[in-house]
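Below is one structure, written out as structure tokens; the observations come after it.
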Amino acid sequence: MKLHIVSARTGLAWVKSGVRVFWRQPMAMAALFFMTMAAMSLVSVVPVIGPALALALLPSATLAMMVAAAETVQGRFPTPAVLLVAFRTGRQRLRHMLVLGGLYAVGFLVVIGLSALLDDGLFAQVYLGNEPMTQEIAENENFQHAMWAAMAMYLPLSLLFWHAPGLVHWHGVPPVKSLFFSLIACVRNLPAFMVYGLGWLAVFAVGGMVVSVVSGLLAVLGGFSMAALGGIMMGLAMLMAAMFFSSIVFTFRDCFEPPQAPAAAPTEAAP
């Protein structure tokens, strides 16, 4: 496994590749993303441990979207079988993915826990859906401090886990080592990732404006309830999120040398 250093403009190529690969199989990619989110939502309702279990599934869900995008690039149709790819590649890699999921859940809960020290847990309650967002809460100074602190702490956590699922799955790297290599790859290619992040911010901003205009037109034309308009806006936001997750595999592909012996099974397609 060899680390590649890419130019800053590669970040924009990653954004474009994610959008393109999504629109090559839009129904399949959107359905897979919705199913992963639905599965995590269902797990999160388990009493006491549900939210932690849902967090632990995120690396596997990310890997599923990476594999689905890799399948699409190679001209194959991504079937729902990719959702279980993390659990079908042998005991050792399954164990590694479970450990990776556990580490992510612990790391995320630590971030949320530390943010609670600034506002007595108000941001945590809102983020986890236990407290509705109101204008009063949004204007609360302690809430804002906790929100920005959580975002600052989450950035290094996301860099640690960005490439980790792919390293475990395609390269057989143990969980802790995968976190180290992921962080190094992101830091060494920081200019490209900055462009990548700014690119997706622009996509989401433009998408948000389009959604707002469409929603406004539908409201003027009538015949749509506020609930229906909210559903349309949520659906379009989910589509943009699916495109974002479809792009992750390209960041992995360009940062690391391909494995010497790519798996032959369709659900284990090399990036």
Side-chain angles (χ1 to χ4, degrees), residues 33-34 36-62 97-165 175-176 178-180 182-183 186-187 190 193-194 196-198 200-201 203-205 207-208 211-212 215 226-227 229-231 233-238 240-242 244-245 248:
F33 182 74
F34 291 151
T36 58
M37 295 299 102
M40 293 177 64
S41 296
L42 287 174
V43 170
S44 67
V45 302
V46 175
V48 183
I49 63 172
L53 288 177
L55 289 170
L57 287 177
L58 187 58
S60 298
T62 301
M97 285 301 299
L98 292 175
V99 171
L100 196 64
L103 291 173
Y104 179 80
V106 170
F108 188 88
L109 292 174
V110 167
V111 168
I112 292 295
L114 291 175
S115 74
L117 299 176
L118 300 176
D119 67 346
D120 295 326
L122 184 58
F123 170 76
Q125 292 296 318
V126 171
Y127 187 89
L128 297 175
N130 297 326
E131 184 76 26
M133 172 63 83
T134 64
Q135 183 176 354
E136 182 182 358
I137 290 177
E139 294 175 352
N140 184 293
E141 186 175 356
N142 290 334
F143 173 85
Q144 294 176 6
H145 290 164
M147 178 184 69
W148 287 111
M151 292 176 63
M153 290 185 289
Y154 183 75
L155 179 59
L157 181 69
S158 64
L159 297 182
L160 281 167
F161 284 88
W162 191 263
H163 296 299
V176 175
S178 73
L179 299 180
F180 173 76
S182 175
L183 179 62
C186 291
V187 171
L190 189 58
F193 275 96
M194 291 178 66
Y196 174 72
L198 291 173
W200 276 114
L201 282 176
V203 170
F204 276 90
V211 169
S212 297
S215 298
M226 292 302 297
L229 291 175
M233 294 179 68
M234 180 61 70
L236 292 175
M238 291 285 282
M240 287 189 288
F244 169 76
F245 274 86
I248 294 176

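Keep in mind that this is a model prediction, so the values were computed, not measured.
- A donor-acceptor pair under 3.5 Å is formed between the side chain of Ser182 and the backbone N or O of Leu159.
- Checked against ring-ring contact (aromatic ring centres under 6.0 Å, His included), Tyr104 has the following partners two or more places apart in sequence or in another chain: Phe161.
- For Gly107 against Leu157, the heavy-atom pair with the smallest separation is C-CD2, 3.8 Å.
- Ring geometry for Phe123 against Tyr127 counts as tilted: the plane angle lies between 30° and 60°, on a 0 to 90° scale.
- Aromatic ring pairs are classed by plane angle as parallel below 30°, tilted from 30° to 60° and perpendicular above 60°; the pair Phe245 and Phe33 is tilted.
- Annotation for Asp120: atom CG does not count as buried by contact number, only 12 or fewer foreign heavy atoms lying within 6.0 Å.
- The distance from atom CD of Gln144 to atom CG of Leu122, rounded to the nearest 0.5 Å, is 11.0 Å.
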List, one per line, each side-chain donor-acceptor pair under 3.5 Å for residues 108-117, sequence neighbours excluded.
unit_1: Ser115; atom_1: OG; unit_2: Ile112; atom_2: O; d: 2.7

Side chains of residues 44-59: which donor-acceptor pairs under 3.5 Å do they make with residues two or more places apart or in other chains?
unit_1: Ser44; atom_1: OG; unit_2: Ser41; atom_2: O; d: 2.5

**Message:** Apply side chain to side chain contact (heavy atoms under 4.5 Å, CB included) to residues Ile248 and Trp162 and explain how you reach the verdict.
**Reply:** CA-CA 8 Å; Ile248 294 176; Trp162 191 263; 3.9 Å; yes

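- The distance from atom CD1 of Ile137 to atom CE of Met147, rounded to the nearest 0.5 Å, is 12.5 Å.
- The minimum heavy-atom distance between Trp200 and Met240, with the atom names listed, is CZ3-O, 4.3 Å.
- Heavy atoms from other residues, nucleotides or ligands lying under 6.0 Å from CE of Met238 number more than 12.
- Atoms NE2 and CG, from His145 and Asn140 in turn, are 9.5 Å apart once rounded to the nearest 0.5 Å.
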**Asked** Does the pair Val99 and Val176 meet the rule for a side chain to side chain contact (heavy atoms under 4.5 Å, CB included), with working shown?
**Response** CA-CA 9 Å; Val99 171; Val176 175; over 6 Å; no

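- Atoms CZ and CG, from Phe143 and Leu118 in turn, are 12.0 Å apart once rounded to the nearest 0.5 Å.
- The side-chain heavy atoms of Trp148 and Met151, taken from C-beta on, include a pair separated by under 4.5 Å.
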